[in-house]
2 protein chains.
Amino acid sequence: MYERKILPNLNCGLDLIGEVLYGKWKIRLLWFINEGHKRPSELQRKIPDATRRVLNIQLKELEEHELVIRKIYPVVPPKVEYSLTEFGKTLVPVITALGNWGDENEERLRKVILQRLNPENH
Amino acid sequence: MYERKILPNLNCGLDLIGEVLYGKWKIRLLWFINEGHKRPSELQRKIPDATRRVLNIQLKELEEHELVIRKIYPVVPPKVEYSLTEFGKTLVPVITALGNWGDENEERLRKVILQRLNPENH
DNA sequence: TCAATAGGGGAAAAATTTATCCCTACGTGA
DNA sequence: TCACGTAGGGATAAATTTTTCCCCTATTGA
């Protein structure tokens, strides 16, 4: 595993939440787990743009940060289910607020984001 | 400037807000600008762990995403002031929600984050 | 003249995160 | 036997972000 060389800042609430939510797919993972998509393969189907590998890595971080729990059923073929911890559940309203703002401003956001990506379309 | 090779996903609200808020210092920049710290040098003093360079880069992105405006006063020595656009102001409650969650769970977050950074302290 | 403050940016290195590729294990159904 | 589904991980490459270093303009004060 990669070992950080620069320690993160943990000064304020924004630093702290950033530390656990920063990761390309983490918020979406929490979201889908909250919606009831618990198994790794389900999550991978829900987030097809991410590879299995990254999802596993980010799920493990979420688990280490105590936002999700991983339950392993000793059956064959293997079965694993993730769910939000009580702590993780307290994040749901925050994620909802993020998603709502994005949805409410969808058009404008899409415009400014694409504008910045393709500066030629002045 | 770096040019992306992989296009971002812009499917849902979470993708969209992620695209404009992703960046190590962006949320803090918005926060301090909202609090009235408008000049680049003030922001640099407020966020001493970031270099001038990154702050400039991220401020420019925030500007291109229409979350902040940059006003240049034609005086010597130069004077520049950032402020939130109306659009940017609509993000304030969302950022507040993030910061509050982090503040409310400060102890626990600090614990789990440090635990993961130094696994030897089992 | 030198240092400090104000604002900025290019180039390259370093850090960090994601993606790619390949491998393990077991059981089921064709 | 072969392919597929389930779950997961190591090694390495590629992408992306952030840092470092250096340079420019102009004024003020020591």
Side-chain angles (χ1 to χ4, degrees), chain A residues 1-9 15 18-29 33 37-65 68-82 113 116-117, chain B residues 1-9 15 18-29 33 37-65 68-82 113 116-117:
Chain A
M1 206 209 324
Y2 181 76
E3 204 171 312
R4 277 171 186 272
K5 296 185 181 167
I6 296 178
L7 293 180
N9 307 77
D15 287 331
E19 199 57 28
V20 299
L21 288 190
Y22 222 71
K24 194 165 175 182
W25 312 100
K26 283 189 182 174
I27 294 184
R28 232 128 334 145
L29 284 169
I33 291 172
H37 304 282
K38 299 167 167 303
R39 302 184 63 178
S41 50
E42 282 182 274
L43 292 168
Q44 284 162 13
R45 277 190 290 268
K46 277 286 171 187
I47 314 178
D49 295 304
T51 58
R52 291 175 303 169
R53 193 80 178 88
V54 212
L55 293 185
N56 286 340
I57 291 170
Q58 305 211 344
L59 282 165
K60 192 168 191 179
E61 288 179 11
L62 291 173
E63 194 193 355
E64 290 173 333
H65 286 147
V68 304
I69 311 180
R70 177 162 169 271
K71 253 187 225 150
I72 308 133
Y73 294 83
V75 294
V76 165
K79 177 174 175 182
V80 167
E81 277 187 358
Y82 288 94
I113 292 167
R116 193 173 167 279
L117 286 176
Chain B
M1 205 210 325
Y2 181 75
E3 203 171 312
R4 278 171 187 272
K5 296 183 182 168
I6 296 178
L7 293 180
N9 306 77
D15 286 331
E19 197 57 29
V20 300
L21 288 189
Y22 221 69
K24 195 166 176 180
W25 313 101
K26 284 190 181 175
I27 294 184
R28 233 129 333 144
L29 284 170
I33 291 172
H37 304 282
K38 300 169 167 303
R39 302 184 62 178
S41 50
E42 282 183 274
L43 293 168
Q44 284 163 13
R45 277 190 291 268
K46 278 285 171 186
I47 313 178
D49 295 303
T51 57
R52 290 176 304 167
R53 193 78 177 91
V54 212
L55 293 186
N56 286 340
I57 291 170
Q58 305 210 345
L59 281 165
K60 192 167 189 181
E61 287 178 11
L62 291 172
E63 195 193 356
E64 290 173 332
H65 286 147
V68 304
I69 310 181
R70 178 162 169 271
K71 253 186 226 149
I72 308 133
Y73 294 83
V75 295
V76 166
K79 178 175 175 182
V80 167
E81 277 187 0
Y82 287 94
I113 291 168
R116 194 174 167 278
L117 285 175

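Chain identifiers are assigned alphabetically (A, B, ...) following the order of the sequence lines, protein sequences preceding nucleic acid strands; residue numbering begins at 1 within each chain. Because only heavy atoms are used, hydrogens play no part in the values below, and waters and symmetry mates are left out as well, while side chains stay in.
In this structure, CD1 of Ile47(B) is placed 12 Å from P of dT18(D), rounded to the nearest angstrom. Look at OH on Tyr2(B): it is 6 Å from P on dA15(D), rounded to the nearest Å. Between the P atom of dA11(D) and the CD atom of Glu3(A) lies a distance of 15 Å, rounded to the nearest Å. Summarising the geometry, the separation between CG on Leu55(A) and C1' on dA7(D) is reported as 13 Å, rounded to the nearest angstrom. Put simply, CZ on Arg53(A) is 11 Å from P on dG8(D), counting in whole angstrom units. Rounded to whole angstrom, the span from the CG atom of Leu29(B) across to the C1' atom of dT18(D) amounts to 14 Å. Rounded to an integer number of Å, the gap from CD of Glu63(A) to P of dG9(D) is 10 Å. Atom CD1 of Ile57(B) and atom P of dT20(D) are 13 Å apart (whole Å).
No donor-acceptor distance shorter than 3.5 angstrom exists from the side chain of Tyr82(A) to the backbone of Glu63(A), with no hydrogens or angles considered.
Here chain B contacts DNA chain C (any atom closer than 4.0 Å to a heavy atom, that is under 4.0 Å), and the contacts span dA6(C) to dT18(C) from 5' to 3'.
Under 4.0 Å is where a charged nitrogen must lie from a carboxylate oxygen, and between Arg4(B) and Glu19(B) at least one such pair does.
Checked against dT17(D), dG9(D), dG8(D), the side chain of Arg4(B) finds its nearest nucleotide in dT17(D).
Here the CH2 atom belonging to Trp25(A) is positioned 14.0 Å from the CG atom belonging to Leu62(A), to the nearest 0.5 angstrom.
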side-chain contact (heavy atoms from CB on, under 4.5 Å) evaluation trace for Leu43(A) with Arg39(A): CA-CA 6 Å; Leu43(A) 292 168; Arg39(A) 302 184 63 178; over 6 Å; no
Audit row: Val68(B), Leu29(B), side-chain contact (heavy atoms from CB on, under 4.5 Å) steps and yes/no: CA-CA 10 Å; Val68(B) 304; Leu29(B) 284 170; over 6 Å; no
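For dT18(D), neither phosphate oxygen OP1 nor OP2 lies less than 4.0 angstrom from any side-chain nitrogen or oxygen of Arg52(B). For the OP1/OP2 pair of dT19(D) and a distance below 4.0 Å, the side-chain nitrogens and oxygens of Lys24(B) include at least one atom meeting the criterion.
Map Ile72(A) and Ile6(A) each onto its nearest nucleotide of DNA chain D; the residue landing nearer the 5' end is Ile72(A).
With sequence neighbours excluded, the residues forming a side chain to side chain donor-acceptor pair (under 3.5 Å) with Tyr73(B) are Glu81(B), listed by chain and number.
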